[in-house]
Enquirer: 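If you scroll down you'll find the structure; I have some questions about it.
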Protein chains: 2
Amino acid sequence: MKLIDSSTEHKILEAAKTEFLEFGLYGARMQNIANRAGINKALLHYYFRNKEKLFDKVFESALERYFSNMDIMSDDRLDFKERVHGLADRFLDFLNEYPQMALFLIKEVSANQILFIEKVDKNLRGNKTLLSALLDAQQKGVVSLENPMVFFVQLISMCTYPFVAKPLFTVIAERNETSWNSDSLTELRASIHSFIDHQLNLA
Amino acid sequence: MKLIDSSTEHKILEAAKTEFLEFGLYGARMQNIANRAGINKALLHYYFRNKEKLFDKVFESALERYFSNMDIMSDDRLDFKERVHGLADRFLDFLNEYPQMALFLIKEVSANQILFIEKVDKNLRGNKTLLSALLDAQQKGVVSLENPMVFFVQLISMCTYPFVAKPLFTVIAERNETSWNSDSLTELRASIHSFIDHQLNLA
DNA sequence: ACTTTTGTTAACCATTTGGTTAAACCATGA
DNA sequence: TCATGGTTTAACCAAATGGTTAACAAAAGT
């Protein structure tokens, strides 16, 4: 019987995750991954056959983790507005914990758009996502948005791009004798919440 | 005397721009650039010495073009609010014309943060940027924002991320039987304008 | 005309890199 | 104890790739 999580396999996945998140599919080096994991390079191929297969494992688990934040949109204990607020919080917390995640996903999705469609399907299937929840709520009259798709894009943008472009914002802030730090994040969060309130109240 | 723009040099730069914008520094291939330009690979080195130097030329010109949008913040014919509105429009138009630009810049800035600081300095020096204009206006009492840095980040995020993550949004939209197209862009623009008005009027 | 400089090419080189192989290692059970 | 099968390693290989070279062509200078 094959062990699901032999120690070596796990070490490889952790090392691969670190390497791929930092350098992407092209930039990552198999030898580096082996070094990080403290094992021989041939073992990578023994366990995962080739670079792409290994990358796929890492990518899929990242994608899954990313979309899992959407779960809150199906939480029956919360009313609709609370769900949207909660989702924004979860996104901000998630990206604050894994700042490289957003850029990593975007880079790889852009690099291989066709392949990505299938993978997103897997993750969307069955789960409520923000957009489908918005369209649903709109149709049922729970909310009355100018354009749900636009609201969706704006909200995701405000939650995500600050982390994607953190290096850019940091440099520009410094050049203007101010800063972009954890306090700013707190205030960004507050501002996003009031954006949500403002938009959902417009009606 | 050296010709500023020998036809060959220009062809190479155009080809390099296309290749680098699509594949980035690592992904781009010198042979591909030569093929695109219809010349021998050795000529790339004859004109630009090596890959990094060639990339630098492309990168710097992209960065310059990006920051040139900020010029409008010094336009004396407009009042402050008009400038901010105008800037949002210029960014949206610019990114709509070169959709790969945003991701390209972010990718390369993240990959080589230290090097980038110097280059951004060159572009910021002397020119008014959105952030400095905001801080300035805030200090002079022209506007009264909760937090100028946060407003800055939110505005840039809403203008930029929709293009960065266009593949992602497109797929998600399709999976929900809606779409993310040029009409959406028009509505996004309107929504950003009302966001600006709302924020600048809060006081 | 002819010499010098600039532009261009095909062939070549060194290194990197993903991937393979054959042998060794090691646990387990007969 | 020793045969078996999964695990691990060092050495190796082929392809890709950035970069160089030497010879040649075209222009420019005299």
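We name chains A, B, ... by the order of the sequence lines, and we start the count at 1 in each one.
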Enquirer: Does B/Q113 use its side chain to pair, donor to acceptor, with the backbone of A/P167 at less than 3.5 Å?
Expert: no
Enquirer: Using only atom types and a distance under 3.5 Å, with no angle test, would you say the side chain of B/R83 pairs donor to acceptor with the backbone of B/L78?
Expert: yes
Enquirer: Atom CD of B/E9 to atom P of C/dG7: distance rounded to whole Å?
Expert: 9 Å
Enquirer: How are the rings of A/Y161 and A/F169 set relative to one another: parallel (under 30°), tilted (30 to 60°) or perpendicular (over 60°)?
Expert: perpendicular
Enquirer: Quick one: what's the B/S/- string for nucleotides 20-29 of chain D, heavy-atom cutoff under 4.0 Å, read 5' to 3'?
Expert: BB--------
Enquirer: Short question: side chain of A/N176, backbone of A/T178 - any donor-acceptor pair under 3.5 Å?
Expert: no
Enquirer: Could you verify whether a donor N or O on one side chain and an acceptor N or O on the other, from B/Q138 and B/S144, lie under 3.5 Å apart?
Expert: no
Enquirer: Please give, in whole Å, the distance from C/dA23 C1' to A/Y46 OH?
Expert: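 Atom OH in A/Y46 sits about 15 Å away from atom C1' in C/dA23.
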Enquirer: Within a strict 4.5 Å, meaning less than it, do heavy atoms of the A/F48 and A/F55 side chains meet?
Expert: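 The answer is no, as the side chains (C-beta and beyond) never meet within the 4.5 Å cut-off.
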Enquirer: Ignoring hydrogens and geometry beyond distance, is a side-chain donor-acceptor pair present between A/N181 and A/S179 at under 3.5 Å?
Expert: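 A donor-acceptor contact under 3.5 Å links the two side chains.
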Enquirer: Starting at atom CD1 of A/I39, determine the distance to atom P of C/dC25, rounded to an integer number of angstrom.
Expert: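 Result: 19 Å.
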Enquirer: Measure CG/B/L43 against C1'/C/dT9 and give the value in whole Å, please.
Expert: 8 Å
Enquirer: Tell me which residues in residues 20-37 of chain B put a heavy atom below 4.0 Å from DNA chain D, sorted by number, or none.
Expert: B/A28, B/R29, B/M30
Enquirer: Are A/T8 and D/dT7 close enough that a side-chain N or O sits under 4.0 Å from OP1 or OP2?
Expert: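 Answer is no, no contact under 4.0 Å.
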Enquirer: Between D/dT8, C/dG19, D/dG19, which nucleotide has the shortest distance from any of its atoms to the side chain of A/N50?
Expert: C/dG19
Enquirer: Please report the distance, rounded to the nearest Å, between CD in A/E19 and C1' in C/dG18.
Expert: 14 Å
Enquirer: Going by the angle between their ring planes, with limits at 30° and 60°, are B/Y66 and B/F91 parallel, tilted or perpendicular?
Expert: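 Answer is perpendicular, since the angle exceeds 60°.
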Enquirer: Figure out the CG/C1' separation between B/L44 and C/dT9, and round it to whole Å.
Expert: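 Whole-Å distance recorded here is 13 Å.
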Enquirer: Any side-chain N or O of A/Y47 under 4.0 Å from OP1/OP2 of D/dT8?
Expert: yes
Enquirer: Testing the 3.5 Å rule here: is there a donor-acceptor pair between the side chains of A/Q154 and B/S191?
Expert: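 Side chains of A/Q154 and B/S191: pair found under 3.5 Å.
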